[in-house]
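First comes the structure, then the notes that go with it.
Letters A, B, ... are given to chains in the order of the sequence lines, protein chains preceding strands, and every chain is numbered from 1. Every heavy atom of this structure was used, including side-chain atoms; hydrogens, water molecules and symmetry mates were not.
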Amino acid sequence: MKIATWNVNSVKARLGHLVQFLADSSPDVVLLQELKCRTEDFPRLEIEAAGYRCAVLGQKSYNGVAILAREAIDCTAEGLPGDPEDVQSRYIEARIAGIRVASLYAPNGNPLGTEKYAYKLAWMDRLERHARSLLASEEPVVLGGDYNIIPEAEDVYDPADWTGDALWQPASRAALRRLLWSGYTDAFRAMDPRPHQYSFWDYQAGRWQRNEGIRIDHLLLSPVATDRLVAAGIDRTPRTREKASDHTPVWCELS
DNA sequence: ATGGTAGCCTTGCTA
């Protein structure tokens, strides 16, 4: 089973690229982030015509997450558990062919010293609590999405450029490490030891042309899922196209 | 150099 995650930065602006990616890559499951549209405005018909079912948690203008799959989707959560007051659409979870899969869009958190950064850390705390509860199940678990956290220095072109950024703060990175310590595995890093493999390049300052990116889109696998991990990679092709998303898909294959 | 680009549908906000 091939599972891909992709922050599309507006599903309507990227619909052509998305349909092309489905045809070229034939993923079994696709985790989408930053839909930037309401649930009822999601281009469901076009996705279904491409052979995929959809579970969607949209939001006007910002955020929004979805899960696409060739097989039946049994939705197990809409919204990240742990705070009924949180109205931001950043988490959707489902059972597909016996695997628990989530598409998540963690808060960016900039600028530092604001409630946005506090929200980022609080959201990651909630994610850790929920991720730990999922480990109690015997099902394989795949938590994929835009974590908005750079794990290590080897995952950024120049750490000095990111000193004051929420994506590179020690507390942000510690939150991601806690997920790993709880038992989850970074699928890409487990299969590819090469440094400087990026999933995001800023639109500004020619970052793509200079290959100055960061790796912030991750597929975290529970131990049972990691036992089935046979391949993982980053597909840079969608980022080469005209009017591309600033992120490109990351994928893994489970036996 | 506090620059630069993209998508929202607000002419600023978020990233």
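- Listed for the A:Arg239 side chain is a donor-acceptor partner under 3.5 Å among the backbone atoms of A:Ser245.
- The distance between atom CZ of A:Arg14 and atom P of B:dA6, rounded to the nearest whole Å, is 10 Å.
- Side-chain atoms of A:Ser222 never come within 3.5 Å of backbone atoms of A:Pro140 as a donor-acceptor pair (strictly under, hydrogens ignored).
- Taking atom C1' in both B:dG7 and B:dA1, one finds a spacing of 25 Å when rounded to whole Å.
- Of the possible polar contacts, one joining the A:Ser199 side chain to the A:Asp217 backbone as a donor-acceptor pair under 3.5 Å is found.
- Rounded to an integer number of Å, the gap from A:Asn63 CG to B:dT14 P is 11 Å.
- Atom-to-atom distance recorded for A:Asp74:CG and A:Arg100:CZ is 8.0 Å, nearest 0.5 angstrom.
- For the P atom pair drawn from B:dG3 and B:dG12, the interatomic distance equals 15 Å after rounding to whole Å.
- Interface residues of residues 198-212 of chain A facing DNA chain B, ordered by number: A:Tyr203, A:Gln204; criterion, heavy-atom separation under 4.0 Å.
- With both ends at atom P, the span from B:dT5 to B:dC9 equals 22 Å, rounded to whole Å.
- Near DNA chain B, defined here as any heavy-atom distance below 4.0 Å, the residues from residues 105-122 of chain A are A:Tyr105, A:Asn108, A:Lys116, listed numerically.
- Among the heavy atoms of the strands lying under 4.0 Å from A:Ser61 is at least one base atom, whether or not backbone atoms are also near.
- In this structure, A:Lys243 reaches the B:dG7 phosphate: one of its side-chain N or O atoms is under 4.0 Å from OP1 or OP2.
- Considering A:Arg189, A:His218, A:His196 as possible partners of A:Asp155, the one that fulfils the side-chain hydrogen bond (donor to acceptor under 3.5 Å, both in side chains) test is A:Arg189.
- Counting non-hydrogen atoms of other residues, nucleotides and ligands closer than 6.0 Å to CD of A:Glu40 gives a total above 12.
- The CG-C1' distance, from A:Asp161 to B:dG4, rounds to 13 Å in whole Å.
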Between A:Trp208 and A:Trp201, is a ring-ring contact (aromatic ring centres under 6.0 Å, His included) present by the stated rule, with each step listed? CA-CA 5 Å; A:Trp208 165 253; A:Trp201 299 259; 4.7 Å; yes
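- Put simply, CZ on A:Arg90 is 6 Å from P on B:dA15, counting in whole angstrom units.
- Nearest heavy atom pair, residue A:Thr248 against residue A:Thr237, reads OG1-N, 4.5 Å.
- Residue contacts for A:Arg38: at a heavy-atom cut-off of 4.0 Å it reaches no nucleic acid atom on any strand shown.
- Open room surrounds CD on A:Glu71; 12 or fewer heavy atoms of other groups in view lie less than 6.0 Å from it.
- Between A:His247 and A:Ala244, the residue anchored nearer the 5' end of DNA chain B, judged by the nucleotide with its closest heavy atom, is A:Ala244.
- Ion pairing between A:Arg207 and A:Asp161 holds under the 4.0 Å rule for side-chain N and carboxylate O.
- As rounded to whole Å, 8 Å separates atom C1' of B:dT14 from atom CD of A:Glu34.
- With rounding to whole Å, A:Asn9 atom CG is found 10 Å from B:dA6 atom P.
- Remark: C1' of B:dA6 and CD of A:Glu242 are 14 Å apart, rounded to the nearest angstrom.
- Per the geometry, CD belonging to A:Gln59 stands 11 Å off P belonging to B:dC9, to the nearest Å.
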